[in-house]
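Worksheet: one structure, shown below.
Position 1 is the first residue of the sequence; numbering continues from there.
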Amino acid sequence: MYRHIKFKLVRRKIMELLKLMSDRYTCRRYSEKDVKEEDLNKILEAGRIAPTSHNNQPQRIYVVRSEEAKEKLMKDFAYNYKAPCYLVCGYNVDEVWRNDLDGDRESGDIDVSIVMTHMMLMAEELGLGACWIGRITPELVKKNLDIPGNVKVVAVLSLGYHREDDRPSKLHTIRRSNEELVKFL
């Protein structure tokens, strides 16, 4: 009996997670409301506990909230969604795990992608919108925000509460089939 109830609870959690993932969309219109400190801390905690290669935890997150810092970030930035908060995400190249079997390939970009995904999903769970901004010039972002030279900037996550007129793009619900995307060997 207990095992059956536990299975139903696990199944319900899986369905809730799939719905959260399916409902999440890129936010490009933010309300002027500041991100609550409590919500920001939960989002940052989701990034902190994300798995990284060899558990090296090389990620570095720079929280950009002040008007002065946002102005510096936007100086050479392609997209200004006027979000109340931006998370500049990168990794310390001195702490990243290197795969010696594959030409010394670094895991930093992958680690930061996992961290950012955790933070995006936590933002959605908390009712915030997020946009993964990869169209950046990392060296300009680093220069404008005085980020140390040993940190490689990967992407920026804009964060905030959805504006009332924010909607998913027309392409949001278009998904290719697993028959197209997955091959069993």
Side-chain angles (χ1 to χ4, degrees), residues 6-65 70 73 79 81-92 95-97 107-136 138 141 151-178 181-182:
K6 186 176 177 182
F7 176 76
K8 286 177 92 172
L9 289 173
V10 168
R11 185 174 163 88
R12 185 177 311 139
K13 287 285 187 195
I14 291 169
M15 296 309 290
E16 289 171 9
L17 180 59
L18 283 173
K19 179 166 177 25
L20 177 90
M21 292 171 167
S22 177
D23 289 350
R24 196 213 76 76
Y25 66 89
T26 297
C27 180
R28 293 184 179 91
R29 293 182 193 96
Y30 295 95
S31 78
E32 293 180 9
K33 180 180 172 185
D34 281 333
V35 176
K36 294 179 204 165
E37 197 74 28
E38 177 183 330
D39 288 347
L40 179 59
N41 287 335
K42 287 177 184 173
I43 291 165
L44 294 171
E45 179 65 8
R48 188 184 73 80
I49 66 171
T52 60
S53 296
H54 210 257
N55 198 28
N56 283 12
Q57 303 171 42
Q59 70 267 25
R60 296 297 184 270
I61 313 299
Y62 298 88
V63 180
V64 178
R65 292 177 86 177
K70 285 191 267 187
L73 177 64
Y79 302 106
Y81 297 128
K82 296 180 173 53
C85 183
Y86 293 87
L87 304 179
V88 176
C89 303
Y91 64 93
N92 182 327
E95 297 176 0
V96 71
W97 183 75
S107 65
D109 286 345
I110 296 166
D111 291 340
V112 172
S113 295
I114 296 167
V115 167
M116 289 180 70
T117 300
H118 268 62
M119 293 190 301
M120 270 191 336
L121 291 173
M122 180 56 77
E124 181 68 24
E125 175 69 17
L126 296 169
L128 281 91
C131 178
W132 183 305
I133 304 169
R135 189 171 182 227
I136 61 171
V141 171
V151 173
K152 180 181 176 192
V153 172
V154 175
V156 175
L157 193 63
S158 60
L159 273 180
Y161 302 97
H162 293 273
R163 208 168 69 186
E164 284 184 30
D165 63 340
D166 187 46
R167 301 286 180 272
S169 77
K170 295 174 191 172
L171 301 175
H172 176 71
T173 57
I174 298 172
R175 300 279 186 251
R176 293 166 70 178
S177 71
N178 273 342
L181 303 173
V182 179

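Taking OG1 of Thr173 as the reference point, atom CG of Asp23 lies at 11.5 Å (rounded to 0.5 Å). How far CZ of Arg176 is from CG of Leu181: 5.0 Å, rounded to the nearest 0.5 Å. How far OG of Ser31 is from CG of Leu128: 8.5 Å, rounded to the nearest 0.5 Å. To the nearest 0.5 angstrom, Trp132 atom CH2 is 6.0 Å from Met120 atom CE. To the nearest 0.5 angstrom, Lys36 atom NZ is 14.5 Å from Cys85 atom SG.
Across Gly90 and Val112, no two heavy atoms sit closer than the pair O-CG2, 3.3 Å. The two residues Cys27 and Ser158 come nearest to each other via the heavy atoms O-OG, 4.5 Å. Minimum heavy-atom separation, His162 to Gly129: NE2-CA, 3.4 Å. In terms of heavy atoms, Tyr161 sits closest to Gly127 at CD2-O, 3.9 Å. Arg167 and Tyr25 get closest at one heavy-atom pair: C-CE1, 3.5 Å.
Partners of Tyr81 by ring-ring contact (aromatic ring centres under 6.0 Å, His included), not counting sequence neighbours, listed by chain and number: Tyr79. For the side chain to side chain donor-acceptor pair (under 3.5 Å) test, residues two or more places apart in sequence or in another chain that qualify with Arg60 are Glu95. Taking the ring-ring contact (aromatic ring centres under 6.0 Å, His included) definition, one finds that His118 meets it with nothing, sequence neighbours left out. Legend: residues meeting side chain to side chain donor-acceptor pair (under 3.5 Å) with Arg29, ordered by chain and number and at least two apart, are absent. For Thr26, the side chain to side chain contact (heavy atoms under 4.5 Å, CB included) test picks out Arg24, Arg28, Cys131, with sequence neighbours left out.
Two residues are said to be in side-chain contact when any heavy atoms from C-beta on lie closer than 4.5 Å; Ile61 and Met119 meet this criterion. The shortest side-chain heavy-atom distance between Leu159 and Asp39 does not fall under the 4.5 Å cut-off. With a 4.5 Å cut-off on side-chain heavy atoms, Tyr30 and Lys82 do not count as touching. For the pair Val151 and Tyr62, the minimum side-chain heavy-atom distance is below 4.5 Å.
The residue from Ile133, Leu40, Val64, Val156 that alone fulfils the side-chain contact (heavy atoms from CB on, under 4.5 Å) condition with Leu87 is Leu40.
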Output side-chain donor-acceptor pairs under 3.5 Å for residues 45-53, partner residues at least two apart or in another chain, one line each.
unit_1, atom_1, unit_2, atom_2, d
Glu45, OE1, Arg48, NE, 2.8
Glu45, OE2, Arg48, NE, 3.4
Glu45, OE2, Arg48, NH2, 2.7
Thr52, OG1, Asn56, N, 3.4
Thr52, OG1, Gln57, N, 3.0
Ser53, OG, Ser107, OG, 3.4
Ser53, OG, Asp111, OD1, 3.2

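Remark: Arg175 CZ is packed, more than 12 non-hydrogen atoms of other residues, nucleotides or ligands lying under 6.0 Å away.
Electrostatic pairing of Asp34 and Arg65 does not count as a salt bridge here, judged by no charged N lying under 4.0 Å from a carboxylate O.
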